[in-house]
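Just so you know, ligand 1 is whichever comes first in the structure, and atom 1 is the first atom listed for that ligand.
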Amino acid sequence: MSTADEPVLLVSTQGAVRVLTLNRPAALNSFTAAMHELLLPALHAAAADATVRALVVTGAGRAFCAGQDLNDPELTGSEGDVGNVVERRYMPLALAIRAMPVPVIAAVNGVAAGAGANFALGCDLVIAARSASFIQAFAKIGLIPDCGGTWLLPRLLGRARALGLALTADKLAAEEAVRIGLIWQCVDDAALMDTALALAAKLAAMPTRALAETRRALDDAAGLDYAAALALEAARQGQLGRADDAREGIAAFVAKRVPVFKDR
Ligand code: T3D
């Protein structure tokens, strides 16, 4: 249970895994200016810390995140300008997640709505509790999907399902989200954090730089034709092949020992 004195973002570390917990449970962890002021620096800090090799984001209480706090003075005040909030808050947030040098797991513990849904979907792997759900809530309040939704949804689902979710703003249950390919995995509620942390620990022991380069290559290849994507693979593989982790991975395989990866 959080108190008024608790920070709206909790930061903890378990071995090589950094965990960021959105912590405004009474308002379903919706984003405020104060939360953004902590979240982006926390992402930058994790990115800059060489001891961090995987990141988990989750929410406190019964929700993951209900998107923008629609009561926040930054939005409702005289300076309130939705486009400006999106540009100053959600663009840097979405870009920071996509540029993390370590794999990012969203452990979606409950409802993820609006920018909260797309914040999760922008992560590398999304694991949801069985009771969780995803809502592109924007159309209900006269807005379009943001925090990367217009880019992510059609790529994850195809145009028909992307538009279906965005136009209806209907709730999508976690199991259905797995079935249609929106997220990676759905587990029993009680198993969510253990599953997410075990996966994060597994990824943390893997060649971090190659994992981040895999994300980057997939994203970059999405805008290329086949031949250009093959050329990009060759160029990036060339760089990784000269790095210590690839030498270590190959040497460990040949010597039949467990590799120790250090690149980041
Ligand atoms: O605006 C910009 O800057 C542009 C950026 C936009 C990005 C966006 O994210 S736009 C979309 C914003 N989000 C929403 O529209 C979702 C609004 N919330 C809901 O539709 C529902 O709360 C949920 C479907 C997520 C959950 O429903 P339910 O029935 O489980 O919970 P509830 O009773 O509606 O909410 C519980 C409390 O959380 C309630 O407060 P109360 O009555 O107990 O004092 C509710 O007002 C509060 N809450 C939920 N979502 C928000 C919120 N308070 C502020 N902002 C919210 N987004």
### Query
Stepwise, does the side chain to side chain contact (heavy atoms under 4.5 Å, CB included) test hold for Arg236 with Glu213?
CA-CA 8 Å; Arg236 301 262 174 92; Glu213 285 296 327; 3.4 Å; yes
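- The protein heavy-atom contact nearest to atom 54 (C) of ligand 1 is Asp69 OD1, 3.3 Å.
- At a distance under 4.0 Å, a protein heavy atom can be found next to atom 9 (O) of ligand 1.
- For atom 11 (C) of ligand 1, the closest non-hydrogen atom on the protein side is Ile141 CD1, 3.8 Å.
- Between the side chains of Arg264 and Thr208, no donor-acceptor pair of N or O atoms lies under 3.5 Å.
- Close approach of ligand 1 to Gly67 is summarised as follows: ligand atoms under 4.0 Å from at least one heavy atom of the residue are 9 (O).
- Side-chain contact annotation: Asp72 with Thr32, donor-acceptor N/O pair under 3.5 Å absent.
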### Task
May I have the step-by-step check of side chain to side chain contact (heavy atoms under 4.5 Å, CB included) for Asn118 and Tyr90, ending in yes or no?
CA-CA 10 Å; Asn118 295 335; Tyr90 293 102; over 6 Å; no
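- One finds a salt bridge joining Arg88 and Glu74 here, because a Lys/Arg side-chain nitrogen approaches an Asp/Glu carboxylate oxygen to under 4.0 Å.
- Below 3.5 Å of separation, one finds no N or O of Val85 facing any N or O of ligand 1.
- In the vicinity of Ile135, heavy-atom distances shorter than 4.0 Å reach the ligand 1 atoms 24 (C).
- Closer than 4.0 Å to atom 44 (O) of ligand 1 lies none of the heavy atoms of the protein.
- Formation of a donor-acceptor pair under 3.5 Å by the Asp69 side chain with backbone atoms of Ser30 is not found in this model.
- Under the 4.0 Å distance rule, the nearest protein heavy atom to atom 30 (O) of ligand 1 falls inside the cut-off.
- No donor-acceptor pair under 3.5 Å is formed between the side chain of Arg18 and the backbone N or O of Val11.
- Distance screen at 4.0 Å: atom 41 (P) of ligand 1 has no protein heavy-atom neighbour inside the cut-off.
- Between the choices Leu75, Asn118, Asp146, the shortest heavy-atom distance to atom 1 (O) of ligand 1 belongs to Leu75.
- The protein heavy-atom contact nearest to atom 55 (N) of ligand 1 is Leu70 N, 2.9 Å.
- Counting non-hydrogen atoms of other residues, nucleotides and ligands closer than 6.0 Å to CD1 of Ile144 gives a total of 12 or fewer.
- When Gln68, Lys171, Glu74, Arg62 are ranked by how near their heavy atoms come to atom 33 (O) of ligand 1, first place goes to Arg62.
- For atom 35 (O) of ligand 1, a protein non-hydrogen atom is found at a distance below 4.0 Å.
- Of all heavy-atom pairs between Leu192 and Asn109, the closest is CD2-CA, 3.4 Å.
- Which parts of ligand 1 touch Ala26 is read off a 4.0 Å heavy-atom cut-off, strictly below it: atoms 37 (C), 38 (O).
- With atom 15 (O) of ligand 1 as the reference point, the heavy atom nearest to it among Ser133, Cys147, Ala137 is part of Ala137.
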### Query
Does the side chain to side chain contact (heavy atoms under 4.5 Å, CB included) test come out yes or no for Phe134 and Val126, once each step is laid out?
CA-CA 11 Å; Phe134 298 82; Val126 184; 4.1 Å; yes
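- Of the protein's non-hydrogen atoms, Val82 CG1, 3.3 Å is the one closest to atom 4 (C) of ligand 1.
- When the options Ile105, Val17, Leu43 are evaluated for a side-chain contact (heavy atoms from CB on, under 4.5 Å) with Leu55, the one that passes is Leu43.
- Proximity of atom 20 (O) of ligand 1 to the protein is not indicated, since no non-hydrogen protein atom lies closer than 4.0 angstrom.
- Rounding to the nearest 0.5 angstrom, the gap separating the CD atom in Glu176 from the CG atom in Leu182 is 10.0 Å.
- Per-residue contacts place Ala27 under 4.0 angstrom from the following atoms of ligand 1 (heavy atoms of the residue considered): 38 (O).
- Ligand-side atoms of ligand 1 in range of Ala115: 7 (C), 8 (C), 9 (O), range being under 4.0 angstrom from any heavy atom.
- For Asp263 (side chain) and Arg209 (main-chain N/O), no donor-acceptor pair under 3.5 Å exists by modelled atom type.
- Scanning all protein heavy atoms for the shortest distance to atom 22 (O) of ligand 1 gives Leu28 CD1, 3.7 Å.
- Of the protein's non-hydrogen atoms, the one nearest atom 16 (C) of ligand 1 is Ala66 O, 3.6 Å.
- Side chains of Asp49 and Thr51: a donor-acceptor N/O pair is present below 3.5 angstrom, by distance only.
- Which parts of ligand 1 touch Val86 is read off a 4.0 Å heavy-atom cut-off, strictly below it: atoms 4 (C), 5 (C).
- Shown here, atom 24 (C) of ligand 1 is in close reach of the protein: a heavy atom of it lies under 4.0 Å off.
- Only side-chain heavy atoms of Tyr90 come within less than 4.0 Å of ligand 1; its backbone N, CA, C and O stay farther off.
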